[in-house]
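Below, chains carry the letters A, B, ... as their sequence lines are ordered, and counting in each starts from 1. Predicted model only: the values in this text are computed from it and were never measured.
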Amino acid sequence: MNKWSHKATVLYMKFETKEGITGVADIMPVHVVTDPGTQVPSHLQRIPIPQLNRTSPTTDMCVKGKVVQKYPLVSLEDDDYILKTVVQEHDHQQNLPSGPTSINAILFGALAKDFSQNVNQGDVLVLAGFTVGRSPTVHKDGLHPCNLQLSGKEACVYVCRPPAPGPSASANPTWTTAASVEAHKTKYTYVALKDLKPGMVVNVYGVVTFFKQPFRTKGTDYCSTLKITDQSDVKLGCTIFSDKLEDHPQIYKIGDIVRLHRVKTQLFNGTVNVMTSLGFSALTFDGAPGSPVVPRTSSKSFHFSDEDRRTVEGLRAWAASRSVLPPASCVRLSSVQPRVYFDLTCQLLAKAAVDTSCTLLKVWDGTRCDHPLLNLAVDSETLEGSTAVVRGRDNLVASVLVYDNHVEVAQGLKPGMYLRIYNLHAVPQSGAVPHEAEAGHLAFHLHGGTAYGRGIRVLPEDSPDLQELRRTLDSVSAALENDPEDSSLEEVWSTPQESLDANPQESITVRTCDHKLKHVTLARVKAATPPQVFHVRAQLRSFQPERLHQALKLHCPKCRALRDVPDEETIASLFQEALNGTEHCSEAWALTGYLDSSVPGRKIALHLPGGMERPGNELVFVEGATLEEMCRMSGGCRNMVPVRLSEGRMALLDLSAPFFFQGTKKHYGCKQCSQAGCLEPDTEDVREWDERKVAEALGVQLMQYVFLMQLELEDETDSVEALLWEHAESFFRVSASDAATSQDAQDWIQETMNKLHPLGGSLAERPWLDLCLRSYAVEGDGRHVVCHQIFDTVAGGAEL
DNA sequence: GATTAGGCTTAG
């Protein structure tokens, strides 16, 4: 039972306290030991933390664990102290009983003070002479239902600190100071979010999926709330407390990447989240793949390595490919619709306190709002800054009313600053007298509270998030300066007025094109001669196919053939058909081995091109397997080509079946454009196989996964059938090949369609879509047919 | 003794 029974001798170490006083440990309750095997009393029996309960015997018992959390020393009266720490079961060599592995330990008196000075987070301890009490915080921290209480002269803590290796190890290995332990902690490790358990203090990386700017709490600190995710596909809530705003992560938008050091995990509502702990620090990075990896931090010194750079780039690529991030809701003034909530990146021109709970900000982003903007007049006495730059032009300056908790932030703003205002509400002025003329004019409200991330962030002038805004403002300011009457400015601001006012609905899609076109009615679209480009605002009456998996097709880029993705049953029967006879291929270019199949007597042949001389070559030709066997094998060995024997030679299966299995991905070839016949692949120079290289080596024309849907659009004038085809992937922000294998991607598309076309919703409840349409003519039955296709449009406005 | 908040629209 006792793991440390080698020697009964207890060696008491000299140690140095932080004050530099050298003392002798045998009169102090915290003992620093280098070898617990010889230096911890052998009569102590170790009890695993999960096994502890209120009735556990404590005499001659001990607990061994790692300090995962150390709280500050609390001074009481009369030189008395108290200190809390969290200890996690450490290095147990037997199977642990189930139960919480982390426990609170409360230390009293001199032991608390001594512990505070001599024990660091990460140290491994042996605790003895404790009593077991009920933990009053079990529901809050999710740790062990008991706690350990250490007081009086029985209580004792051994700190196990093996001498540090290497040249910087202490010259006197019998004692170790806190400083020399720290010196060896230069390498940080990061825990995957799925591996977090309550009671740990960890470092994590993640992509931000939700955030609130720091806001004042009822306590002494500001609080930031964020949600992050990583490749392990877990979402983690993070709560950052700090009274210093600069210590909070500087998050500008969803998709930013954060690195958090020293956060502690805890259980809340049955899930793990993290919170700042002692020594917390944060770095933030832009989330765009390819942008410079420059951390945003106020810290003067921080650890940042090539590995960190790779981690950031990995998270960027992962987030971009997965389209798992909720869409950003950044909107320019020119495309703000009444009643939407949106994020505005802008420059502050002027501000004025309205009353104690409201401040007015005058901002612009260089674009002109489609809808008339309310121009809230302010006494020039109270107005700080000026809106003169717009020279009387209408609808360039937005009035933003900032309420309640945001007033404090607004007070610190100076005209000229660049801001991002989150969850701004576009509120049409009601039509009541005496301002009848301004009915419908938009004012922007930043409501009180922090729901949906409401808040204001000052963006640094050199921020990449500002480049576009600054370019626009520069060109508009210059144009206004030179010729305030220049009508070409209309082009810059765009002036689509026609149908908008008649139809002031918010939009659930966003156009990404650069056209400065007015919106037109669907009746106009139908009457126009192709080819043309239109901007329309319409509702979705219906769409085809309703079963969304049927919207996924295979497309040959060469002959433009389009076919359905075969279902599992069809593929399985093609594999079944290929299981003919017991004879197997034998090709000079491949080494052949055999596996037993699920059916006695049937063998699966594995043909390895280049044989054993090419151990790095991962392309395997598989013969005699069912679809199920194939899928099982390709899960482990990534690159597999199913083959069969045909006229004595190795050949591909019917190209209705996938010709290449890459993990869970299946790749198809075009029947029309691929070379049939026996296989003699040239595998010589290929080190890494992908679907293109395999297709090339096998003479197969690769087919692409694509989306094809037909949407029936309608407005008050007409209806038009429009295809989602060439720009369908960017419309959904999901690649078709991802949709072929990822349930998440499929769910995302389903959700998107549900939002565009709510089930059972009446026409009035259906959202409006702002779309860029192209018309074109195609030959059909010897005559021209006009088609419409949706281009440059992304689903997911501020509402999605 | 270990604070705060713990996203999920104001209602101006």
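- Taking a centre distance below 5.5 Å and an interplanar angle below 30 degrees as the stacking criterion, F210(A) stacks against the six-membered base ring of dG7(B).
- Comparing dA5(B), dG6(B), dG12(B) by their nearest atom to the side chain of H447(A) picks out dG12(B).
- Taking the centre of each ring, H261(A) and Y190(A) come in below the 6.0 Å mark.
- Which of dT10(B), dC8(B), dA5(B) sits closest to the side chain of Y341(A) comes down to dT10(B).
- What separates CZ of F444(A) from C1' of dG12(B) is a distance of 16 Å, to the nearest Å.
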Under 3.5 Å, which donor-acceptor pairs link side chains of residues 192-208 of chain A to any protein atom two or more places apart or in another chain?
{"unit_1": "N203(A)", "atom_1": "OD1", "unit_2": "R262(A)", "atom_2": "N", "d": "2.9"}
{"unit_1": "N203(A)", "atom_1": "ND2", "unit_2": "T189(A)", "atom_2": "O", "d": "3.2"}
{"unit_1": "Y205(A)", "atom_1": "OH", "unit_2": "D308(A)", "atom_2": "OD1", "d": "2.6"}

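- Atom-to-atom distance recorded for L111(A):CG and I82(A):CD1 is 11.0 Å, nearest 0.5 angstrom.
- Applying the 6.0 Å contact sphere to NZ of K66(A) captures no more than 12 heavy atoms from other residues, nucleotides or ligands.
- Both T450(A) and G219(A) sit near DNA chain B, but only G219(A) has its closest nucleotide nearer the 5' end.
- Counting to the nearest Å, the C1' atom of dT9(B) and the CZ atom of F342(A) are 14 Å from each other.
- Contact annotation for N269(A): no contact, since no heavy-atom pair falls under 4.0 Å across all strands.
- Salt bridge status for D343(A) with K253(A): absent, with no side-chain N to carboxylate O gap under 4.0 Å.
- Rounded to whole Å, the distance from NZ on K212(A) to C1' on dG6(B) is 9 Å.
- Taking the 5.5 Å centre cut-off and the 30° plane limit, the aromatic side chain of Y452(A) is not classed as stacked on dC8(B).
- We find that NE2 of H425(A) is positioned 12 Å from P of dT9(B), with the value rounded to whole Å.
- The distance from atom CG of N273(A) to atom C1' of dA5(B) is 10 Å, rounded to the nearest whole Å.
- For dG12(B), the base is stacked against the aromatic ring of Y403(A), per a cut-off of 5.5 Å between centres and 30° between planes.
- Remark: P of dA5(B) and CG of L226(A) are 16 Å apart, rounded to the nearest angstrom.
- The interatomic distance linking L278(A) (CG) with dT3(B) (P) rounds to 12 Å, in whole Å.
- For H445(A), taking side-chain heavy atoms from C-beta onward, the closest of the listed nucleotides dG1(B), dA5(B), dG12(B) is dG12(B).
- Of the candidates dA5(B), dT9(B), dG6(B), the closest approach to any side-chain atom of R454(A) belongs to dT9(B).
- Side-chain atoms of T85(A) never come within 3.5 Å of backbone atoms of A105(A) as a donor-acceptor pair (strictly under, hydrogens ignored).
- For K362(A) and N375(A), the side-chain atoms include at least one donor-acceptor pair closer than 3.5 Å.
- Taking every heavy atom of residues 258-268 of chain A and every atom of DNA chain B, pairs under 4.0 Å involve Q266(A), F268(A), by number.
- Among the atoms of the strands shown, base atoms are found under 4.0 Å from some heavy atom of G448(A).
- In this structure, CG of L361(A) is placed 19 Å from P of dG12(B), rounded to the nearest angstrom.
- Closest contact between the side chain of N423(A) and the listed nucleotides dG12(B), dG1(B), dT9(B) involves dT9(B).
- N53(A) and T55(A) share a donor-acceptor pair across their side chains, judged by distance under 3.5 Å alone.
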